[in-house]
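Structure record follows, encoded as structure tokens.
Note that these values count all heavy atoms, side chains included, but never hydrogens, waters or copies made by symmetry. Keep in mind that this is a model prediction, so the values were computed, not measured. Every number for a ligand or one of its atoms is a count from 1 in the order of the listing. One is the number of the first residue; the rest follow in order along the sequence.
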Amino acid sequence: MARALVTGGCGFVGRHLIRRLVAEGLDVVCVDPLVMGTGALHPDLWRSFAGSHLVFLQEDCRTFFARPPEYFDYVFHLAALVGGRVTLETQALDVAEDLAVDAKLWQWAVRAKPGSVIFFSSSAAYPVSLQTVDNHRLLSEEMINFDAAIGMPDLSYGWAKLTGEYLMKLYVERYGQRAIAYRPFSGYGEDQDLAYPFPAICRRLLAEQGAAEVFVWGSGRQCRDFIHISDCIEFIWQTKELLPDGASLNLSTGIAISFIELAEAISQQIGWQPTVTGRSNHPEGVFYRCGDTALQRSYGLAPLVHLHEGIARMLEYLRAQQPPYGQQRLGI
Ligand SMILES: NC(=O)C1=CN([C@@H]2O[C@H](COP(=O)(O)OP(=O)(O)OC[C@H]3O[C@@H](n4cnc5c(N)ncnc54)[C@H](OP(=O)(O)O)[C@@H]3O)[C@@H](O)[C@H]2O)C=CC1
Ligand SMILES: C[C@H]1O[C@H](OP(=O)(O)OP(=O)(O)OC[C@H]2O[C@@H](n3cnc4c(=O)[nH]c(N)nc43)[C@H](O)[C@@H]2O)[C@@H](O)[C@@H](O)C1=O
């Protein structure tokens, strides 16, 4: 039976990925400290399968990497301090710890020689100069090219992801090992932490239902490319053997939506039409981040959960969590 190591496996992406890996018959070792950032949940809260196919080690993956190496067919490296826009902007040097974590991953992989390392990079690795009001375009995989000029990525978080991809290139070229990377755009899903915009805005609008005016952070005109977590996991599963060594793939829909449009679409599903305004005292980040999908389409990938459906699922989940919405106001 194939074995997989998942670092950061108690986080949002990790929980969904591990459920899929176990369902596909893999034995999984999940390493996560469950202490530092936002979003991590103990496996007892999300393990929806019986049996012993998941071993959970509550520790920093660097502790795991310091032990004598053991063999894994797949290593999914998700461990990272992320935490949403406020964390990325206000705790940039804490987030820079990701550089150290990723360095340890690649050093360990040289010794452990796993079948395949699957590195979770990010769309934050793309140059921010291509994501401005005056200069933005669909971000395609070849825009990060270590043999040409490299643009400035998004904060220390983006530097860590870009550097992680560079170390992957060295690992593949100098050590002849297999590794690939994914660049998720704005992955979202029902159990995502409220530090992230999709659940936060849905929750706030449920609470504010009926108000004449609601707000989103920043100008509200900034755009993101929201992809449902189930599509992310499917894309990874479909391509993890197909991508060439050292390749990176976007996890994106190619559809940009502004936060004002998103809030309007959510309100419409809740059943009213408020005026949506931006709040400039809340961080906005880059102006326009949307991923080209040509390479994904070349592998036959197409998202199944469209935004309308994703909103419906999120609203249903939140309503079941903490009713009654529509009566109280929240300051989130
Ligand atoms: N969700 C998305 O849309 C996107 C995700 N990504 C990348 O995908 C990966 C997963 O993201 P996501 O699940 O959303 O993020 P989460 O924050 O939900 O999960 C990351 C997990 O990593 C854990 N972690 C942090 N440091 C370490 C460490 N040193 N050793 C072991 N585990 C550690 C965290 O634990 P704790 O909370 O206890 O610190 C957390 O459980 C990350 O690498 C992220 O950068 C990239 C782009 C977009
Ligand atoms: C791909 C990359 O994507 C992410 O980078 P990000 O998009 O900059 O950060 P975010 O997901 O936290 O979204 C923030 C955006 O959302 C807007 N926004 C509006 N209204 C609310 C709001 O009410 N709450 C929140 N939290 N944000 C809001 C806010 O103004 C900003 O524009 C990283 O998480 C990272 O994981 C990553 O790798």
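Residue-to-ligand polar distances keep Tyr196 apart from ligand 1: every N/O pair is separated by 3.5 Å or more. Not a single N or O atom of Ala200, backbone or side chain, sits closer than 3.5 Å to an N or O atom of ligand 2. Distances between N or O atoms of Val35 and those of ligand 1 include at least one value under 3.5 Å. For the pair Val13 and ligand 1, the shortest N or O to N or O distance falls below 3.5 Å. At least one N or O atom of Phe185 sits closer than 3.5 Å to an N or O atom of ligand 1. Between Leu78 and ligand 1, an N or O atom pair is found at a separation short of 3.5 Å. Every N/O-N/O distance between Cys10 and ligand 1 stays at or above 3.5 Å.
When non-hydrogen atoms are compared, ligand 2 lies under 4.0 Å from the side chain of Arg289 (C-beta onward) but not from its backbone. Under 4.0 angstrom from ligand 1, there are no non-hydrogen atoms of Glu97. Residue contacts with ligand 2, taken as heavy atom pairs separated by less than 4.0 Å, involve Arg85 via backbone and side-chain atoms alike.
Residues forming a side chain to side chain contact (heavy atoms under 4.5 Å, CB included) with Asp191 (at least two apart in sequence, or on another chain): Phe12, Arg15, His16, Arg19, Tyr317.
Nearest to atom 17 (C) of ligand 2 by heavy atom, out of Phe259, Phe185, Phe226, Tyr126, is Phe259. Remark: among candidates Phe12, Phe120, Tyr157, the nearest residue to atom 44 (C) of ligand 1 is Tyr157, based on non-hydrogen atoms. Here the shortest heavy-atom distance to atom 13 (O) of ligand 2, taken over Ser123, Pro197, Gly84, Gly39, belongs to Pro197.
Side chains of Gln222 and Ser258: no donor on one and acceptor on the other come within 3.5 Å.
Using the six-membered ring where Trp is involved, Tyr126 and Phe185 have ring planes that are tilted, between 30° and 60° apart. Below 30°, between 30° and 60°, or above 60°: for Phe226 and Tyr188 the angle between ring planes is above 60°, a perpendicular geometry.
At least one cation-pi condition fails for Arg221 and Tyr288: the charged atom is not both under 6.0 angstrom from the six-membered ring centre and inside a 45 degree cone around its axis.
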